[in-house]
Amino acid sequence: ILPGINRESVLTLAADMNVKTEERRITIDEVLDRAREAFVTGTAAGVSHIESITHGESTAVFNGGEIGPLTRELRKTLRGIQYGAIEDTHGWLYEV
C-alpha cells in the first residue's frame, strides 16, 4: 500500500521474472476465494509470507500455510542482491 523501497524492488523483480502484476483495490472475497499466495514487504519484514487470513466465518490458508514458490523466489532474490550473493543488475547497491 505504501510506496516503499522493498515494495518497488519486489515489483521490479516480479517483472524480471515475467510475473504479471496489477495494482488495484481488491475485495476480501477475492482474497478468500482466489488467492494462492500472500506476502507483505517492508524494511523490517523484507518479504514475509502470510499463512492465512480470516474474515468473519471464513479463513483462507495460502499454500498450506507454507511460503509459496513465488514468495520464496522473490525473497531469495531480493536478499541475495542485498547481501551481494546475486548480481545487482538494477544499480540498487551503493558502496559506503
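Only a predicted model underlies this, so the values are computations on that prediction, with no experimental measurement involved.
The shortest side-chain heavy-atom distance between R75 and I67 falls under the 4.5 Å cut-off.
Under the 4.5 Å side-chain contact rule for hydrophobic residues, L70 and I81 share a cluster. A chain of hydrophobic side-chain contacts below 4.5 Å, direct or via other Ile, Leu, Val, Met, Phe, Trp or Tyr residues, connects L78 to M17. Placement of V40 and L32 within a single hydrophobic cluster is found when ILVMFWY residues are connected by side-chain heavy-atom separations under 4.5 Å, directly or transitively. Residue L13 is grouped with residue I86 when hydrophobic side chains (ILVMFWY) are merged at heavy-atom distances under 4.5 angstrom, including chains of intermediate members. Y83 and L93 fall into different hydrophobic clusters, where Ile, Leu, Val, Met, Phe, Trp and Tyr residues are linked whenever their side-chain heavy atoms come under 4.5 Å apart, directly or through other members.
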- Message: Apply side chain to side chain contact (heavy atoms under 4.5 Å, CB included) to residues Q82 and R79 and explain how you reach the verdict.
- Response: CA-CA 5 Å; Q82 290 170 332; R79 280 186 181 168; 4.2 Å; yes
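With rounding to the nearest 0.5 Å, the separation of CH2 in W92 from OG1 in T12 is 5.0 Å. The distance from the CD1 atom of I50 to the CG atom of N63 is 13.0 Å, given to the nearest 0.5 Å.
The closest donor-acceptor contact from the side chain of T77 to the backbone of E73 lies under 3.5 Å. A donor-acceptor pair under 3.5 Å links the side-chain atoms of D88 to the main chain of H90, judged by distance alone.
The side-chain contact (heavy atoms from CB on, under 4.5 Å) check on T41 picks up N6, R7, V10, F39, V47, with sequence neighbours excluded.
Within a 6.0 Å radius of CD in E22, other residues, nucleotides and ligands contribute more than 12 heavy atoms. Few gaps surround CD1 on I28; more than 12 heavy atoms of other groups in view lie less than 6.0 Å from it.
Between T21 and A14, the shortest heavy-atom distance links the atoms CG2-CB, 3.9 Å. Minimum heavy-atom separation, F62 to A35: CE2-CB, 3.5 Å.
Residue pairs meeting the salt bridge (Lys or Arg N to Asp or Glu O under 4.0 Å) criterion with at least one member in residues 30-50, sequence neighbours excluded, are R24-E30, E30-R34.
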